[in-house]
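To start, the structure itself, in structure tokens.
Below, chain A is the first sequence line, B the second, and so on; all start at residue 1.
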There are 2 protein chains.
Amino acid sequence: MPEPRTTSTPSRRPARGITREQIVDAAVAIVEADGVGSLSMRKLATQLGTVPTAIYWHIGGREQLLDAVVERFTDRLVAAQVRGRTPVSRVLSIARHFRDSASEHPNLTEAANERGLNATTFLPLQIALARELTAAGLRGRRASEAMRSIVYVVSGFIVLAYRVPPVAPTRHRSEELWAEIDAAGIDPGLLADLREPADFDAVFEHTLRTLVEALLTTPA
Amino acid sequence: MPEPRTTSTPSRRPARGITREQIVDAAVAIVEADGVGSLSMRKLATQLGTVPTAIYWHIGGREQLLDAVVERFTDRLVAAQVRGRTPVSRVLSIARHFRDSASEHPNLTEAANERGLNATTFLPLQIALARELTAAGLRGRRASEAMRSIVYVVSGFIVLAYRVPPVAPTRHRSEELWAEIDAAGIDPGLLADLREPADFDAVFEHTLRTLVEALLTTPA
DNA sequence: ACCTGAACACCGTTCAAGT
DNA sequence: ACCTGAACACCGTTCAAGT
């Protein structure tokens with residue numbers, strides 16, 4: 001197996017043939033537009049006017065290619081402009097920024113999750129949160145517990161949300177399911193609400209606000 | 001395209017050839033053991049001593065097959081024995097039960113998520129929660145908001161957790177990443193904690209407890 | 001150092017034909 | 001009603017060979 005070029009050896013090279021950068025660029029475009037499933041080594045090669053094996057030389061295989069795609073995406077997720085005056089509203093602004101960035105690129109989010117790269121992808125989120133929690137006066141274990149709670153909840157919402165149109169047939173949507181449930185012991189008002197489609201952003205907002213307020217105000 | 005047999009037409013049939021049930025059984029076993037990626041129509045056929053096209057007659061395609069696999073899994077997720085005396089501890093016992101069921105079958109959980117069937121899979125969780133929140137005195141919108149918060153958070157944790165061994169190379173694990181971060185503005189105690197691996201179950205426990213307590217005690 | 005061609009071992013799916 | 005065979009249009013990856 002030939003050693004693929006690493007980013008750390010830029011090594012001047014004549015302007016002929018294909019570069020690692022061009023390959024990743026094209027792969028990002030395909031994944032962003034049509035999802036991970038649409039990225040094939042052969043299609044990508046054809047689109048670049050080359051041959052699959054050339055890609056192997058530069059990148060090393062489909063998995064490495066996907067990792068490179070995710071890395072490019074992660075680099076574009078810049079830390080948010082933190083907004084708000086109270087600690088709670090500042091933390092919420094960070095959470096919202098990441099939800100928004102991810103929901104603008106659902107297919108890249110899916111790729112990151114599929115390759116197990118969530119920790120990397122959400123690192124900028126974590127750093128911003130760490131600063132904010134420190135500024136809010138949280139220290140040590142209290143701070144790390146709060147941070148991990150927020151990070152997992154935000155990541156969880158993001159990962160649940162990336163499925164742009166639901167894959168499943170209509171009857172599997174949550175609202176439909178609630179139509180046929182045994183209602184014994186369930187408040188009728190609650191049941192009526194559950195038969196309406198959920199507003200994902202509203203749930204995100206409500207959940208995060210409740211959680212962050214509790215984490216920042218509960219005594220240690 | 002021939003009409004695949006539906007579950008609602010059991011239709012007595014001689015004991016020859018393969019049945020839909022046998023196909024789904026075998027598929028569940030493969031997915032459970034080796035993941036969605038290892039389920040191929042051809043391998044499955046060979047293992048059943050038949051030919052791929054026979055499977056198409058009974059099921060209709062790979063996607064329908066996966067949906068059937070998930071349906072089987074969902075049917076096995078029985079509602080929990082609810083435990084505890086306070087509303088908070090009872091709700092937590094439900095959440096834990098679902099996290100445990102899912103983490104015993106990470107590959108089936110992945111399949112459900114991949115097919116966009118989370119709403120179906122977590123329906124028993126939702127029903128149990130709806131009863132418990134009603135019993136705790138929550139009504140109408142207040143109850144539905146609390147329920148959706150809990151459901152999304154539990155689902156999010158579950159979906160984040162199913163990646164049994166992290167796919168990514170070692171340097172992408174969260175602890176490693178924190179070793180190289182600009183520490184300005186971050187509490188040293190917090191930073192030290194973040195450089196240790198996270199205890200997933202502890203984060204789940206802490207997050208859920210904080211959230212559920214806040215949701216059940218905050219005034220409407 | 002980089003690219004090519006041929007080959008291997010797979011896929012999902014369709015369709016006409018059999019019993 | 002159910003199964004078979006052949007065929008189509010794909011895959012990822014390896015490897016020896018070229019320049």
Side-chain angles (χ1 to χ4, degrees), chain A residues 1-27 30-31 34-70 111 114-115 167, chain B residues 1-27 30-31 34-70 111 114-115 167:
Chain A
M1 195 184 352
E3 187 71 15
R5 256 187 83 236
T6 69
T7 331
S8 49
T9 38
S11 79
R12 281 261 171 258
R13 148 163 42 88
R16 4 187 53 263
I18 207 88
T19 67
R20 194 192 133 95
E21 245 201 301
Q22 290 167 349
I23 294 170
V24 178
D25 282 347
I30 292 176
V31 171
D34 300 318
V36 210
S38 296
L39 180 68
S40 97
M41 306 300 275
R42 300 176 110 112
K43 235 175 52 188
L44 178 60
T46 309
Q47 186 177 310
L48 288 166
T50 182
V51 99
T53 39
I55 298 177
Y56 279 81
W57 194 90
H58 286 282
I59 302 272
R62 203 184 113 99
E63 304 205 333
Q64 284 100 313
L65 176 58
L66 277 174
D67 289 348
V69 166
V70 172
E114 202 174 295
R115 293 291 307 143
V167 187
Chain B
M1 193 183 358
E3 188 70 17
R5 256 187 82 238
T6 68
T7 330
S8 48
T9 39
S11 78
R12 282 261 171 260
R13 149 163 39 91
R16 2 186 56 264
I18 206 86
T19 66
R20 194 192 134 94
E21 245 200 303
Q22 289 168 351
I23 294 171
V24 178
D25 282 347
I30 292 176
V31 171
D34 300 317
V36 210
S38 296
L39 180 67
S40 95
M41 306 301 275
R42 299 176 109 110
K43 237 175 51 188
L44 178 60
T46 308
Q47 186 177 308
L48 288 166
T50 182
V51 97
T53 40
I55 297 177
Y56 279 81
W57 193 90
H58 285 282
I59 303 271
R62 203 184 113 98
E63 304 205 334
Q64 284 100 314
L65 177 57
L66 277 174
D67 289 348
V69 165
V70 172
E114 202 173 295
R115 293 292 306 145
V167 188

Could you pull out the protein-nucleic contacts involving nucleotides 5-7 of chain C (nitrogen or oxygen on both sides, under 3.5 Å)?
| from | atom 1 | to | atom 2 | distance (Å) |
| --- | --- | --- | --- | --- |
| C:dG5 | O6 | A:Thr53 | OG1 | 3.2 |

Specify the separation, in whole Å, of atom OH of B:Tyr56 and atom P of D:dC8.
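For the pair B:Tyr56 OH and D:dC8 P, the rounded distance is 17 Å.
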Of the options C:dC2, C:dT13, D:dG12, whose atoms approach the side-chain atoms of A:Ser40 most closely?
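Looking only at heavy atoms from C-beta outward on A:Ser40, the closest nucleotide is D:dG12.
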What's the closest nucleotide to the A:His58 side chain, out of D:dT13, C:dC2, D:dA1?
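Shortest atom-to-atom distance from the side chain points to C:dC2.
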Can you run through DNA chain D from 5' to 3' and write each base as (, ), [, ], | or . depending on how it pairs? Watson-Crick or G-U wobble, both distances under 3.5 Å.
||.|||||...|||||.||
Closer than 3.5 angstrom, by distance alone: can the side chain of A:His58 be matched with the main-chain N or O of A:Thr19 as a donor-acceptor pair?
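No, A:His58 side chain to A:Thr19 backbone: no donor-acceptor pair under 3.5 Å.
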Just distance, no hydrogens or angles: give the donor-acceptor pairs under 3.5 Å from side chains in residues 45-55 of chain A, sequence neighbours left out.
| from | atom 1 | to | atom 2 | distance (Å) |
| --- | --- | --- | --- | --- |
| A:Thr46 | OG1 | A:Arg42 | O | 2.8 |

Heavy atoms under 4.0 Å, any strand shown: does A:Leu39 hit a base, just sugar-phosphate, or nothing?
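Sugar-phosphate: the residue A:Leu39, judged by heavy atoms under 4.0 Å, touches backbone atoms but no base.
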Nearest heavy atom decides the nucleotide; on that basis, is A:Gly49 or B:Lys43 closer to the 5' end of DNA chain C?
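Of the two residues, A:Gly49 wins.
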Partners of A:Asp25 by side-chain hydrogen bond (donor to acceptor under 3.5 Å, both in side chains), sequence neighbours excluded?
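A:Asp25 satisfies side-chain hydrogen bond (donor to acceptor under 3.5 Å, both in side chains) with A:Arg72 only.
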Between D:dC2 and C:dA17 - C1' atom distance, rounded Å:
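My reading of the C1' atoms in C:dA17 and D:dC2 gives 13 Å.
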Considering residues at least two apart in sequence or located in another chain, which fulfil the side-chain contact (heavy atoms from CB on, under 4.5 Å) criterion with B:Ala27?
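Result, side-chain contact (heavy atoms from CB on, under 4.5 Å) vs B:Ala27: B:Leu39, B:Leu44, B:Leu65, B:Val69.
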